[in-house]
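A quick note: this is a predicted structure, and the numbers were derived from the prediction, not measured. A, B, ... follow the sequence lines: proteins, then strands. Residue 1 opens every chain.
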Amino acid sequence: MKTKRIVCFCLDVSEDDIIDSIEEGYKDIETLKRYTACTMGPCQGKLCMMNFIKLFLKHTGEPLARMNVPTVRTPIHPVPLGALAAEDPLKSK
Amino acid sequence: MKEDLRLVGHPFLEFKRGEKISFTFNGKKIVAYGGETIASAAYAAGAQVFSRSFKYHRPRGLFCLRGSCPNCLMRINGIPHARVCMEPAKDGLIVKAQNTWPSLSIDFNRWIEAFDFMFRIGFQYKRFIRPRFLWPIIDRVIRKTAGIGVIPPTTAATSPPDYQKLSVNADVAVIGGGPSGMTAAKEAAKMGAKVLLIDDNSQLGGHLRLTTRELQQPAEYRGERAFRVAEKLSREAHSLGIDILLRATAFGHYADDKIAIRQQDKMIELSANRVIVATGSYERPMLFDNNDLPGVFLSTGVERLMNVQGVRPGRMAVVVGSDPNAITVAEELLDAQVELNGVAVYSFDTSRFGDSLNRLRGRGIPIYHSHTIKKAYGNSQVIGAELVRIDSGSEPEDLAVKLKCDLICTAGGFYPSNELLHQAGCQMRVDLRTENLIPDRDKNMKAGHRIFAVGGAGGTTNLERSLLEARIAGIRAALEIGKGTRKDETVLGELKQQLQEIQT
């Protein structure tokens with residue numbers, strides 16, 4: 001059992017996982033995110049976004065000045081489907 | 001064994017505990033008091049493991065204490081995926097773990113990690129696909145094992161509440177009730193604007209509420225303890241006729257600058273003429289071996305547990321960090337009757353903290369300059385930490401310092417909570433000093449946004465600057481919608497001047 005440094009607590013993505021994925025060829029932050037699923041769990045990047053981005057920059061050689069975050073989508077915090085489906089009682093059908 | 005880690009005395013803090021109640025935590029009866037969260041009451045009774053991780057079923061404990069991490073996701077009365085660190089303890093609740101069997105302390109699925117070489121990153125895309133005839137069977141097994149538990153059967157108790165949808169209007173909406181948010185809201189309200197202030201916590205106060213440290217600036221607060229300033233600002237905000245929504249989370253920015261907010265069983269569509277984003281910052285976890293062990297806390301997480309909830313977080317702590325909060329938290333731990341086995345600090349100028357460091361040294365606590373943490377020891381709980389020296393520009397030397405502890409507090413720095421700004425199309429630039437993405441003020445001015453960013457959300461870490469930004473935003477927002485007088489314009493000019501002077 002390998003000792004791990006956990007980056008994405010939600011989905012158990014370790015620092016080595018991210019480095020291995022970049023070496024496999026995922027050198028674009030959007031595809032790296034999708035391949036590893038880092039930042040896509042219940043915390044939506046609250047814990048891991050900065051660590052994820054900094055590891056990406058370090059291991060792809062991208063300069064800090066070009067740092068960017070993968071497209072931020074809603075919801076930024078989990079919301080029950082029931083809440084999204086709620087209807088406004090004052091709005092007429 | 002009746003363990004109770006609640007703090008009874010404290011040099012500065014008073015813990016107001018309500019009436020005695022009880023709930024069950026994975027079958028164990030937990031005594032709690034009104035005002036506490038499920039997580040803190042369970043922790044006070046000795047609970048360390050609150051969940052098991054998604055893939056490897058590693059034990060996880062309390063970490064952030066504010067709904068930002070997945071570690072405390074549990075099932076309450078059958079309803080899954082509740083963050084028990086944000087849920088108030090109520091009498092009779094049945095709280096259960098989600099994705100572990102047979103218990104939190106023993107999870108049979110931990111075997112997966114023994115074969116982690118077979119389940120490397122991306123395995124679900126590639127491994128086990130051949131031989132083709134076995135794949136459908138293996139696919140079923142993977143799908144059954146993955147996920148965070150089973151959806152409970154629908155009963156009266158587990159039926160979702162009747163969610164209400166409301167459309168809410170405001171002149172000025174302030175997202176985030178910390179010092180910046182409260183300040184901006186107050187200025188706009190004093191000028192007659194209809195102000196809505198929201199915060200996802202159960203109280204206003206933001207990061208000032210967490211700490212007992214004495215503020216050094218701005219001048220009007222010098223020497224006052226942060227939590228008292230938070231209380232003062234909160235009282236003022238409540239007294240000004242501001243519409244305050246607590247336990248309300250803004251989860252998205254939509255077209256026409258509408259903000260979607262979920263507050264318990266209410267789904268709120270907010271339309272405001274001006275929106276001030278004062279959502280603060282997130283604390284960054286540190287990366288080291290076994291950094292996810294129960295007993296490893298974010299520095300602000302341990303502050304919430306001991307200073308807000310009044311629970312002693314451990315017996316013997318090691319504090320490590322590249323952020324000054326490491327020193328603050330070290331002193332706070334002593335006030336919470338936690339012994340310190342060592343404080344490791346690196347990458348920041350410690351000369352400003354001479355008094356604090358001397359106090360710590362005076363208590364016999366070793367300070368390790370230019371040291372960071374390499375490893376946390378322990379199987380399902382922290383039992384020790386290994387520190388190593390950092391030499392500038394090179395790999396950490398193996399001058400390892402091994403320390404016994406049951407608590408590791410990390411202060412890895414903060415970065416802006418700016419998701420709403422990204423969604424609103426805010427142009428960002430990289431602040432090379434803090435290495436964060438912050439709004440490019442020049443570019444955004446031309447775009448004519450209705451959205452302001454103040455404080456930590458905009459990358460400002462200095463409290464005096466944040467409060468000035470907040471006052472400017474509040475006054476400007478109110479002026480832009482037609483409130484206020486010439487006098488307010490003059491004040492605005494003066495504040496902008498002050499901000500300019502501090503920045504140079």
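Contacts of residues 28-41 of chain A with chain B at a heavy-atom distance below 4.5 Å involve Arg34(A), Tyr35(A), Thr36(A), listed in sequence order. The stretch residues 45-54 of chain A places Gly45(A), Lys46(A), Leu47(A), Cys48(A), Met49(A), Met50(A), Asn51(A), Lys54(A) near chain B, each with some heavy atom under 4.5 Å from a heavy atom of that chain.
A heavy-atom distance below 4.5 Å is not found between the side chains of Asn418(B) and Val72(A).
Asp289(B) and Thr3(A) are not linked by any side-chain donor-acceptor pair at a separation below 3.5 angstrom, with hydrogens and angles left out of the test.
Note: Met267(B) leads Glu283(B), Met267(B), His81(B) in heavy-atom pairs under 4.5 Å with chain A. Between chain B and the options Leu84(A), Val69(A), Thr71(A), heavy-atom pairs under 4.5 Å are most frequent for Val69(A). Interface remark: of the candidates Glu419(B), Arg284(B), Met428(B), Arg120(B), Arg284(B) forms the most heavy-atom pairs closer than 4.5 Å to chain A. Residue with the most contacts toward chain B among Lys2(A), Glu24(A), Met67(A): Met67(A) (heavy-atom pairs, distance under 4.5 Å). Heavy-atom pairs under 4.5 Å with chain A peak, among Pro285(B), Gly252(B), Ser53(B), at Pro285(B). Your options are Gln423(B), Lys55(B), Lys375(B), and the one with the most heavy-atom pairs under 4.5 Å with chain A is Gln423(B). For the set Pro80(A), Ala65(A), Cys43(A), the count of heavy-atom pairs under 4.5 angstrom toward chain B peaks at Pro80(A).
At a 4.5 Å heavy-atom cutoff, Phe115(B) makes no contact with chain A through either its backbone or its side chain. Contacts between Thr249(B) and chain A at a heavy-atom distance below 4.5 Å involve the side chain alone, from C-beta outward. Looking at Arg83(B), the atoms closer than 4.5 Å to chain A (heavy atoms on both sides) all sit in the side chain, from C-beta outward. Contacts between Ile18(A) and chain B at a heavy-atom distance below 4.5 Å are absent for every atom of the residue. For Asp16(A), no part lies near chain B; criterion is any non-hydrogen pair under 4.5 Å. Looking at Ala260(B), neither its backbone nor its side chain comes within 4.5 Å of chain A, counting heavy atoms on both sides. Both the backbone and the side chain of Tyr56(B) come within contact range of chain A, judged by heavy atoms closer than 4.5 Å. For a residue to count as touching a neighbouring chain, one of its non-hydrogen atoms must lie under 4.5 Å from one of that chain's; by this rule Asp116(B) touches chain A with the side chain only. For a residue to count as touching a neighbouring chain, one of its non-hydrogen atoms must lie under 4.5 Å from one of that chain's; by this rule Asn436(B) touches chain A with backbone and side chain alike.
Of the possible donor and acceptor atoms, none in the side chain of Arg262(B) sits under 3.5 Å from a partner among the backbone N and O of Val79(A). Put simply, the side chain of Asn291(B) gets close to the backbone of Ile6(A): a donor and an acceptor are under 3.5 Å apart.
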Derivation and outcome, side-chain contact (heavy atoms from CB on, under 4.5 Å), residues Thr74(A) and His253(B)
CA-CA 7 Å; Thr74(A) 175; His253(B) 167 278; over 6 Å; no

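A distance of 5.5 Å separates CZ of Phe54(B) from CG of Leu11(A), quoted to the nearest 0.5 Å. Distance CG/Leu437(B) to CG/Asn68(A): 6.0 Å, rounded to 0.5 Å. Atom OG of residue Ser51(B) and atom CZ of residue Phe9(A) lie 11.0 Å apart, to the nearest 0.5 angstrom.
Residues meeting the salt bridge (Lys or Arg N to Asp or Glu O under 4.0 Å) test with Lys258(B), sequence neighbours left out: Glu269(B). Evaluation of the side-chain hydrogen bond (donor to acceptor under 3.5 Å, both in side chains) rule for Glu113(B) yields Lys4(A), Arg58(B), Arg110(B) as partners, not counting sequence neighbours.
Gly67(B) approaches His77(A) most closely through the heavy-atom pair O-CE1, 3.2 Å. Here the closest non-hydrogen pair linking Lys165(B) and Ala86(A) is CD-O, 3.5 Å.
Contact check on Arg60(B) versus Asp12(A) returns a salt bridge, with a Lys/Arg side-chain nitrogen under 4.0 Å from an Asp/Glu carboxylate oxygen.
Counted within 6.0 Å of CZ on Phe117(B), heavy atoms from surrounding residues, nucleotides or ligands total more than 12; the atom is thus considered enclosed.
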